[in-house]
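For reference, the structure is listed below as structure tokens.
Computation of the quantities below employed the complete heavy-atom set of this structure, encompassing side-chain atoms and omitting hydrogens, waters and symmetry-equivalent molecules.
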Amino acid sequence: MKIFVIGAGNVGGGQVRSAVKAGHDVTVFDQPTEQFEALLTETGAKKAASIAEGAKGVDLVYLAVPASVVSSVAAELAPVIGSAVLVDGTNPLNSTFSDLEYKGESAAADLQAQLPNVAVVKAFNTVFAGRYASPSQNGAALQVFISGNNEAANNKVAEYAKSIGFDAVILGGLRFAKSMEELAFLNIALNASKGLTWQSAWSLTGPNGLK
């Protein structure tokens with residue numbers, strides 16, 4: 001697939017490394033920093049001069065930016081994203097990291113409302129960036145939960161998740177993004193308050209497999 005990642009921090013950089021390793025055609029956009037240049041040198045991913053340039057003709061656009069700039073990035077994407085699926089990997093933490101902050105049902109729902117003609121899919125937000133390079137635990141692939149209102153878009157994101165080593169679990173419509181954002185916040189809060197190592201991940205287990 002042709003993947004465009006917006007953001008080259010821990011989350012975006014982790015996605016770039018995994019996507020390149022899996023053989024995808026990867027382009028990245030971020031503000032110029034030594035960290036960004038080092039990522040490009042390390043992975044061989046292509047550098048986009050702008051969001052508009054990077055979004056042209058791709059299959060997936062992966063949003064890996066702070067919650068505070070999601071709306072402005074979405075506004076830049078609106079006229080250029082075309083038929084690409086927009087993967088929302090963000091979590092809407094407030095400025096003190098003490099809670100989540102969004103206007104409607106969820107941050108992903110806010111994003112979908114801003115881009116009504118785009119297939120927005122919530123995914124990867126419940127998995128810490130540190131697990132992208134090791135997407136399994138005790139021999140089982142970690143689960144990436146997926147929710148979006150477009151079935152074909154959900155399936156495309158599931159295909160991508162599996163290609164980089166995860167088990168993909170499609171929950172259903174974007175209604176479930178609210179639950180995913182709360183799960184992510186709980187994981188963040190537990191790691192911050194209990195002194196954990198930021199390697200924990202959620203999986204639904206039991207006698208019946210989920211696909």
Exercise for review: Could you go through the salt bridge (charged side-chain N to carboxylate O under 4.0 Å, His left out) check for Asp25 and Lys46 one step at a time?
Suggested key: CA-CA 8 Å; Asp25 182 353; Lys46 293 176 287 187; 2.8 Å; yes
Exercise for review: Could you walk me through whether Lys103 and Asp110 pass the salt bridge (charged side-chain N to carboxylate O under 4.0 Å, His left out) test, one step at a time?
Suggested key: CA-CA 7 Å; Lys103 295 178 181 178; Asp110 289 348; over 6 Å; no
Practice item. Check the pair Gln15 / Tyr160 against side chain to side chain contact (heavy atoms under 4.5 Å, CB included), numbers first and verdict last. Key: CA-CA 11 Å; Gln15 283 291 330; Tyr160 169 68; 2.7 Å; yes
**Study point:** Trace of the side chain to side chain contact (heavy atoms under 4.5 Å, CB included) decision for Lys156 with Met1
**Key:** CA-CA 10 Å; Lys156 184 172 286 188; Met1 292 186 194; 3.9 Å; yes
Check your understanding: side chain to side chain contact (heavy atoms under 4.5 Å, CB included) between Ile146 and Val169: does it pass, once the steps are laid out?
Key -> CA-CA 6 Å; Ile146 296 167; Val169 179; over 6 Å; no
Review point. Under the side chain to side chain contact (heavy atoms under 4.5 Å, CB included) criterion, do Val121 and Asp88 qualify, and how do the steps go?
Key: CA-CA 6 Å; Val121 176; Asp88 177 18; over 6 Å; no
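The backbone N or O of Ala8 sits less than 3.5 Å from a side-chain atom of Asp30, completing a donor-acceptor pair. No side-chain donor-acceptor contact under 3.5 Å links Asn187 to the backbone of Leu183. No donor-acceptor pair under 3.5 Å is formed between the side chain of Trp198 and the backbone N or O of Gly130. In terms of modelled atom types and a separation under 3.5 Å, the side chain of Gln112 and the main chain of Val118 share a donor-acceptor contact. Distance alone, capped at 3.5 Å, places no donor-acceptor pair between the Ser136 side chain and the Gly139 backbone. Of the possible donor and acceptor atoms, one in the side chain of Ser72 sits under 3.5 Å from a partner among the backbone N and O of Val69. With Gln143 contributing its side chain and Ala201 its backbone, the two residues share no donor-acceptor pair below 3.5 Å. Remark: the backbone N or O of Ala129 is not paired with any side-chain donor or acceptor of Asn10 at under 3.5 angstrom. The backbone N or O of Gly9 lies less than 3.5 Å from no partner atom in the side chain of Gln35, so there is not a single donor-acceptor pair. With hydrogens and angles disregarded, no donor-acceptor distance shorter than 3.5 Å links the side chain of Asn94 to the backbone of Glu101.
Closest heavy-atom contact between Thr43 and Arg17: CG2-CG, 3.8 Å. The shortest non-hydrogen separation linking Val70 to Val65 is CG2-CG2, 4.0 Å. In this structure, Gly148 and Asn154 approach most closely via the heavy-atom pair O-ND2, 3.0 Å. For the pair Ala22 and Ile164, the tightest heavy-atom approach, listed with the atom from each and the gap, is CB-CG2, 3.9 Å. The two residues Val61 and Ala84 have their closest heavy-atom pair at CG2-CB, 4.1 Å. Between Ala67 and Pro92 the shortest heavy-atom distance is CB-CA, 3.7 Å.
Clustering ILVMFWY residues whenever any of their side-chain heavy atoms sit less than 4.5 angstrom apart, transitively, puts Val58 in the very cluster that holds Leu86. The hydrophobic cluster containing Ile3 also contains Val85, counting ILVMFWY residues as joined when their side-chain heavy atoms lie under 4.5 angstrom apart, directly or transitively. No chain of hydrophobic side-chain contacts below 4.5 Å, direct or via other Ile, Leu, Val, Met, Phe, Trp or Tyr residues, connects Phe128 to Phe166. By the rule that hydrophobic residues join a cluster once side-chain heavy atoms approach within less than 4.5 Å of another member, Met180 and Phe185 end up as members of separate clusters. Note: the hydrophobic cluster containing Leu174 does not contain Leu115 (ILVMFWY, side chain heavy atoms under 4.5 Å, direct or indirect links).
Contact of the Val11 side chain with the Tyr132 side chain is registered, since non-hydrogen atoms from C-beta on lie closer than 4.5 Å. For the pair Lys47/Phe36, a side-chain contact is recorded, criterion being any heavy-atom separation below 4.5 Å from C-beta on. Using a 4.5 Å heavy-atom threshold, the side chains of Val127 and Val144 count as touching. Two residues are said to be in side-chain contact when any heavy atoms from C-beta on lie closer than 4.5 Å; Asp167 and Leu142 fail this criterion. In this structure, Val20 and Val16 have side chains that are in contact, with non-hydrogen atoms separated by less than 4.5 Å.
The OH atom of Tyr102 lies 14.5 Å from the CG atom of Leu111; values are rounded to the nearest 0.5 Å. Note that CD1 of Ile188 and CG of Leu93 are 4.5 Å apart. Values are rounded to the nearest 0.5 Å. Going from atom CZ of Arg131 over to atom OG of Ser200 covers 8.5 Å, rounded to the nearest 0.5 Å. Atom-to-atom distance recorded for Glu42:CD and Glu37:CD is 13.0 Å, nearest 0.5 angstrom. Taking OG of Ser147 as the start and NZ of Lys122 as the end, the distance is 8.0 Å to the nearest 0.5 Å. Here the CG atom belonging to Leu77 is positioned 9.5 Å from the CD atom belonging to Gln114, to the nearest 0.5 angstrom.
Taking a 6.0 Å sphere around CG of Asn150, one finds it holds more than 12 heavy atoms contributed by other residues, nucleotides or ligands. For CD of Glu53, the number of neighbouring non-hydrogen atoms (other residues, nucleotides, ligands) closer than 6.0 Å is greater than 12.
Under the 6.0 Å cut-off for aromatic ring centres, Phe176 and Phe145 do not qualify, their centroids lying 6.0 Å or more apart. In this structure, Tyr62 has its ring center closer than 6.0 angstrom to the ring center of Phe124.
For the 3.5 Å distance criterion, the side chains of Asn125 and Asn91 qualify, holding a donor opposite an acceptor.
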